[in-house]
2 protein chains.
Amino acid sequence: MSGRFVTIGEAAGATGVSAKMIRYYEETGLLGRAERTASGYRVYSEADLHALRFVRRARDLGFSMREIADLLALWHDRSRTSAAVKAMALDHVADLRRRIGELEAMARTLEHLAERCCGDERPDCPILDDLAGGPREP
Amino acid sequence: MSGRFVTIGEAAGATGVSAKMIRYYEETGLLGRAERTASGYRVYSEADLHALRFVRRARDLGFSMREIADLLALWHDRSRTSAAVKAMALDHVADLRRRIGELEAMARTLEHLAERCCGDERPDCPILDDLAGGPREP
DNA sequence: ATGGACCTTCCCATCATGGGAAGGTCAAGG
DNA sequence: CCTTGACCTTCCCATGATGGGAAGGTCCAT
């Protein structure tokens with residue numbers, strides 16, 4: 001109800017989204033055009049801060065800006081189904097799990113190579129040998 | 001010993017590094033300046049292909065170009081110690097594990113939220129509630 | 001009125017990669 | 001010999017999300 005409005009710096013401090021990113025989100029259309037004072041300063045209402053925190057939280061959960069735009073649309077759509085939201089979330093989880101698997105494979109490969117490397121002052125190193133020769137050489 | 005030289009397209013096909021990236025690696029100094037024909041075409045020797053495969057493999061293991069430059073230097077340095085290589089590899093593993101941990105935390109959070117979301121035709125959704133209100137609201 | 005903290009827009013950089021245009025080169029086939 | 005198509009060259013631009021910084025305007029407290 002209150003008509004309190006804050007500047008972009010205060011909005012940044014209150015939401016954890018940098019002023020730079022707030023402008024960027026506006027520029028790219030993720031968020032609507034902010035209100036302005038007569039002198040051109042952006043001003044933010046409590047509702048705006050709410051949206052910024054939403055974006056921040058979604059970003060922390062690894063959603064892309066494209067996905068966040070979709071989530072915002074679902075958030076604002078009163079006739080959305082929870083099934084739609086859940087599907088998006090699970091899609092994203094699958095994507096995260098896929099990326100985790102890739103990194104995990106890299107880490108395991110490197111750990112195996114490192115195990116076989118004595119790590120002393122001599123130059124012989126199975127890690128470089130693998131990089132040089134590839135893992136499937138005879 | 002053979003003097004076989006191939007064009008950039010053949011080098012790309014033989015190493016799995018795109019022609020675009022081969023030029024980019026040269027431009028940024030990751031790889032040395034390629035030999036040229038009289039008409040300006042780049043030509044690659046077996047040794048060049050070997051280096052390209054090295055870069056490809058390191059890239060597949062998630063090393064950054066900066067790290068790959070270091071690895072190439074170690075590879076070419078006959079007086080390197082295997083300890084130095086192992087240290088780089090384990091540093092990179094630690095970095096991978098850290099990133100895995102971050103993604104894992106995101107995935108787990110979303111999975112917990114999704115579990116609590118019935119995913120039916122109704123609009124009520126704990127996932128959006130979390131995004132809107134944050135996880136530490138009363 | 002002045003100074004400092006803030007705001008504005010605009011441009012540039014990152015990292016690794018791809019797209020595409022404009023133009024030169026090469027090999028094969030007519 | 002000439003055309004055709006596949007290849008090569010350089011150059012510029014774009015991505016996604018973010019930061020840095022310059023040049024200039026605004027606001028508020030002293």
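Excluded from the calculations below are hydrogen atoms, water molecules and symmetry mates; all remaining heavy atoms, backbone and side chain alike, are included. Predicted model only: the values in this text are computed from it and were never measured.
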Of all of residues 36-44 of chain A, which get a heavy atom below 4.0 angstrom from DNA chain C, listed by number?
-> R36(A), G40(A), Y41(A), R42(A)
Determine the contact category for Y25(A): base if any of its heavy atoms lies under 4.0 Å from a base atom, sugar-phosphate if only primed atoms, P, OP1 or OP2 are that close, otherwise nothing.
-> sugar-phosphate
R66(B) atom CZ: more than 12 heavy-atom contacts under 6.0 Å = no
Give one of base, sugar-phosphate or nothing for R59(B), where a contact means two heavy atoms less than 4.0 Å apart.
-> sugar-phosphate
Would you check, one step at a time, whether the test side-chain contact (heavy atoms from CB on, under 4.5 Å) holds for R59(A) with R56(A)?
-> CA-CA 5 Å; R59(A) 204 189 51 181; R56(A) 167 82 152 89; 3.1 Å; yes
Working to the nearest 0.5 Å, report the span between CG of L128(B) and NZ of K86(A).
-> 13.0 Å
L90(A)-I68(A) co-clustered via ILVMFWY side chain contacts under 4.5 Å = no
Over how many whole Å does the gap from R99(A) atom CZ to dG16(D) atom C1' extend?
-> 12 Å
Range on DNA chain C touched by chain A, heavy atoms, distance below 4.0 Å = dC6(C) to dC10(C)
Report the C-alpha separation of L131(B) and R57(A) in whole Å, then their side-chain angles, then the decisive distance to 0.1 Å, and conclude whether the side-chain contact (heavy atoms from CB on, under 4.5 Å) test is met.
-> CA-CA 6 Å; L131(B) 289 170; R57(A) 175 85 180 130; 3.6 Å; yes
Nearest whole angstrom, please: distance from the C1' of dT15(D) to the OH of Y24(B).
-> 13 Å
Pairwise ring pair (Phe, Tyr, Trp, His ring centres under 6.0 Å) hits with a residue in residues 11-53 of chain A, at least two apart | H50(A)-W75(A)
For the pair made of CD1 in I8(A) and C1' in dG19(D), what is the distance, rounded to whole Å?
-> 14 Å
Indicate, with a heavy-atom threshold strictly under 4.0 Å, whether M21(B) touches base, sugar-phosphate, or nothing.
-> base
Rounded to whole angstroms, how far apart are NZ on K20(B) and P on dT15(D)?
-> 16 Å
Charged N to carboxylate O below 4.0 Å: is that the case for R122(B) and D120(B)?
-> yes
Would you find more than 12 non-hydrogen atoms of other residues, nucleotides or ligands less than 6.0 Å from R33(A) atom CZ?
-> no
Hey, is CD on E35(B) packed in by over 12 heavy atoms from elsewhere, all under 6.0 Å?
-> no
Can you tell me how far P of dA17(D) sits from CZ of R23(A), to the nearest Å?
-> 19 Å
Let me know the distance between CD of E10(A) and C1' of dC27(D), rounded to the nearest Å.
-> 12 Å
